[in-house]
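Worksheet: the structure to be examined is printed underneath.
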Amino acid sequence: MLSVKKDENFNLKATLECGQVFRYKINGGRYTVFSKDKMMVIEENESSYTLVEGEEAFFLKYFDFDRNYDIICSNIADDFVSDAMRFSRGIRLLNQDPAEMVFSFIISQNNHIPRIKAIIERLCDALGEDKGGYKAFPTVEALASKDADFYHKAGLGYRAEYIASAARSLCGEDFNKLSGMNTPELRNYLMLLKGVGRKVADCILLFGFSRREVFPVDTWIMKVFSDIYGNISADKLACLLSERYGEKSGYIQQWLFYKKRETEKRFG
DNA sequence: GACCAGGGCGGCC
DNA sequence: GGCCGCCATGGT
């Protein structure tokens with residue numbers, strides 16, 4: 001049975017709660033994580049995490065274990081960034097399913113994380129394949145089989161037609177081909193989908209296509225940088241930060257996002 | 001009962 | 001290109 005060290009490079013709870021993933025359950029020291037049609041059950045011990053259910057190779061790829069986080073976390077230029085890094089140390093960027101990210105982050109727009117999770121769970125229950133004990137994330141084909149009215153009744157509000165439209169657009173699309181596109185090309189392609197703007201596209205690129213040079217700018221990141229850069233548009237800020245932080249952009253974005261939300265949760 | 005949320009769209013200039 | 005009002009819904 002696979003075990004990994006519980007150290008400064010892996011904090012499972014923070015990794016799951018930092019807003020990059022919507023399908024997981026935490027019961028004390030027992031974590032259940034869902035991705036595409038897979039399920040992983042992980043138990044936390046005093047010094048390690050043990051994968052008690054699920055595929056080992058999938059687990060290692062999903063939790064980004066082919067990357068060296070000592071290097072990623074070293075030589076951080078800005079003080080407020082290294083502060084956030086220390087606060088968030090142990091967060092790993094997950095390698096998630098591209099299609100699942102497309103629909104999850106369309107749902108995420110102008111929405112609270114608890115509600116995003118509830119909506120996604122409802123969609124899985126209604127349209128996901130029964131895997132015996134749990135439901136898979138719905139396939140693009142399954143999502144394309146329903147119309148906007150169905151999603152409206154599922155409580156998606158004005159995002160109902162976005163989901164229906166995106167599903168129809170992506171039906172039959174070759175995601176391996178998409179993975180071969182460079183980041184600007186792929187961003188342009190994603191932004192052709194209804195309901196996908198710069199920010200949602202960047203989340204899909206970062207979490208679904210492992211483009212670590214991308215720096216998604218949402219309302220929380222805007223709060224972090226508004227006093228530094230003043231009155232700047234989210235899109236401009238995203239370009240600027242991606243250029244400044246390069247391949248560390250995704251990690252830095254996650255540290256800042258997590259710290260901002262956690263501290264505001266406590267005091268605000 | 002406001003206010004806000006991992007924003008995007010359409011209309012306007 | 002940039003700005004602005006609106007969009008459903010429900011958690012806090």
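Naming: A, B, ... by sequence-line order, numbering from 1 per chain.
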(message) Can you tell me how far apart OG1 (Thr263(A)) and OH (Tyr258(A)) are? Round to the nearest 0.5 Å.
(response) 10.5 Å
(message) Does either side chain, that of Tyr158(A) or that of Gln109(A), offer a donor lying less than 3.5 Å from an acceptor on the other one?
(response) yes
(message) Pick the closest DNA chain B nucleotide for Lys199(A) and for Gly195(A) by heavy atoms, then say which residue is nearer the 5' end.
(response) Lys199(A)
(message) Just so I know, are the side chains of Ile42(A) and Glu53(A) near enough to count as touching, which here means a heavy-atom distance under 4.5 Å?
(response) no
(request) State whether Phe137(A) and Lys36(A) meet the cation-pi test: NZ (Lys) or CZ (Arg) under 6.0 Å from the six-membered ring centroid, and within 45° of the perpendicular axis. (result) no
(request) Please determine if a side-chain N or O atom of Lys117(A) lies less than 4.0 Å away from the OP1 or OP2 oxygen of dA5(B). (result) no
(message) Under 4.0 Å, counting only non-hydrogen atoms across every strand here, what does Phe207(A) touch: a base, just sugar-phosphate, or nothing?
(response) base
(request) Provide, to the nearest angstrom, the distance between the CG atom belonging to Leu190(A) and the C1' atom belonging to dG7(B). (result) 16 Å
(request) Establish, with yes or no, whether the OP1 or OP2 oxygen of dG7(B) is under 4.0 angstrom from a side-chain nitrogen or oxygen of Thr219(A). (result) yes
(request) In whole angstrom, give me the gap between the P atoms of dC4(B) and dG5(C). (result) 15 Å
(message) Using heavy-atom distances to pick each residue's nearest nucleotide on DNA chain B, tell me which of Lys194(A) and Ile221(A) is more 5'.
(response) Ile221(A)
(request) Can you tell me the distance, in whole Å, between the CZ atom of Phe105(A) and the P atom of dA5(B)? (result) 16 Å
(message) Quick test of your reading of the model: are Asp130(A) and Lys135(A) salt-bridged, counting only N-O distances below 4.0 Å?
(response) no
(request) Tell me, please, whether Phe65(A) has Arg92(A) positioned over its six-membered ring: NZ or CZ under 6.0 Å from the ring centre and within 45 degrees of its axis? (result) yes
(request) In whole angstrom, give the distance that lies between atom CG of Asp218(A) and atom C1' of dG8(B). (result) 14 Å
(request) Would you give a per-nucleotide map of nucleotides 5-12 of chain C, 5' to 3', where B means the base has a protein non-hydrogen atom under 4.0 Å away, S means only the sugar-phosphate does, and - means neither? (result) --BBBB--
(request) Find the distance Ile106(A):CD1 to dG8(B):P and express it as a whole number of Å. (result) 10 Å
